[in-house]
Amino acid sequence: MIAELESYRQFEIAKIAEVVEGNGGLPKVRVVTPEVVGEIYLHGAHITSWKPSGAQEVLFVSSRSRWDHDHAIRGGIPICFPCFGGKSDDPTAPAHGFVRTREWRLESISQVGRAVTVSMFTESDESTKKWWPVDFQLIYRATFGPELGLELVVSNTGTKTLRFEEALHAYHRVADIQEARVRGLDGVQYFDKTDSNRKKMQQGEIAITSETDRIYLDTSGAIELHDPQIHRATHVLKENSRTTVVWNPWIQKARALSDLGDDEWPQMVCIECSNVSAFAVDLAPGQQHAMKVLVRVTDL
Ligand code: TA6
């Protein structure tokens, strides 16, 4: 491990952004400034913490998460790519794609004003072509500051048009899911994965009272997560994302997930800026697609 950490020294900003040994011995970039504390693992380019100064931790990470090269981290912000859920033409392909279990490479760490941007990348190789025989590169820029900025840039480095799905599968920490409310999807149609993917229409704000697994369609509006118990509103703004997924496993599904504590479901809700289902992206050779997300917290 030490040798591996040595190889990252060149990227560090002393006392502000350092590559350290994280859970399971996995390397992570730890950002600590007067404005923010944040963490992102090279494993899956997976953000596991964002805590602006004066605020409580914004992201949920399961106490039962696995921390190894073979499994995705349960919680934080997994990156789903190039498919969301199962791969339609290959039931053996990893759910939510293969980049959340890849070791990404650090490209740079930079400080601009009150924020620190960590940039990582991964690209096609023999192991990815087993699941998806195309050439691509992904760059992920995570900006830790009073706000959290995310940018996922997909480049088609091959000669054929690519079709992919993508999601930033963010697990938001809440005090009690039954009191939390999700706003910003009123009047938006969605597929209800808990009801045979029936197409429905959202009316008003979302109150979660049972297993909830919905793909909201053709929506680029901002989302607000209201958490009255801790008097917090989390605002999620996005660009180049035409679907939003909302998920809470509730009791049974939580029990079925070995890397999620049976009693942890009330403390989380996933709000996933994405391009999935009928809004998968077609990308021509030489083209790029950048999905951007900005998260900020305010008092309620
Ligand atoms: O985003 C919601 C969802 O697709 C759910 O259907 C549920 O499966 C969840 O993702 C978690 O998926 P995972 O593969 O991480 O267990």
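Both counts, for ligands and for their atoms, begin at 1 and track the order of listing.
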Quick one: sort the H169 and Y171 rings into parallel, tilted or perpendicular, breaks at 30° and 60°.
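Geometry flag for Y171 against H169: parallel rings.
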Check the angle between the aromatic planes of F84 and H96 and answer parallel, tilted or perpendicular using the 30° and 60° thresholds.
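Ring orientation of F84 relative to H96: tilted.
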Could you check whether Y41 and W104 have their ring centres less than 6.0 Å apart?
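No, the ring centres sit 6.0 Å or more apart.
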F121 ring center near Y140 ring center (under 6.0 Å):
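No, ring centres 6.0 Å or more apart.
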More than 12 heavy atoms of other groups within 6.0 Å of Q203 CD
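Result for CD/Q203: open.
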Could you give all pairs that pass the side-chain hydrogen bond (donor to acceptor under 3.5 Å, both in side chains) test and reach residues 245-254, with sequence neighbours left out?
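Only E211-K253 qualify under side-chain hydrogen bond (donor to acceptor under 3.5 Å, both in side chains).
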Any idea which residues sit under 4.0 Å from ligand 1, heavy-atom distances?
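Contacts of ligand 1 under 4.0 Å: R74, F84, H96, R100, H169, K193, D213, V245, W247, E272.
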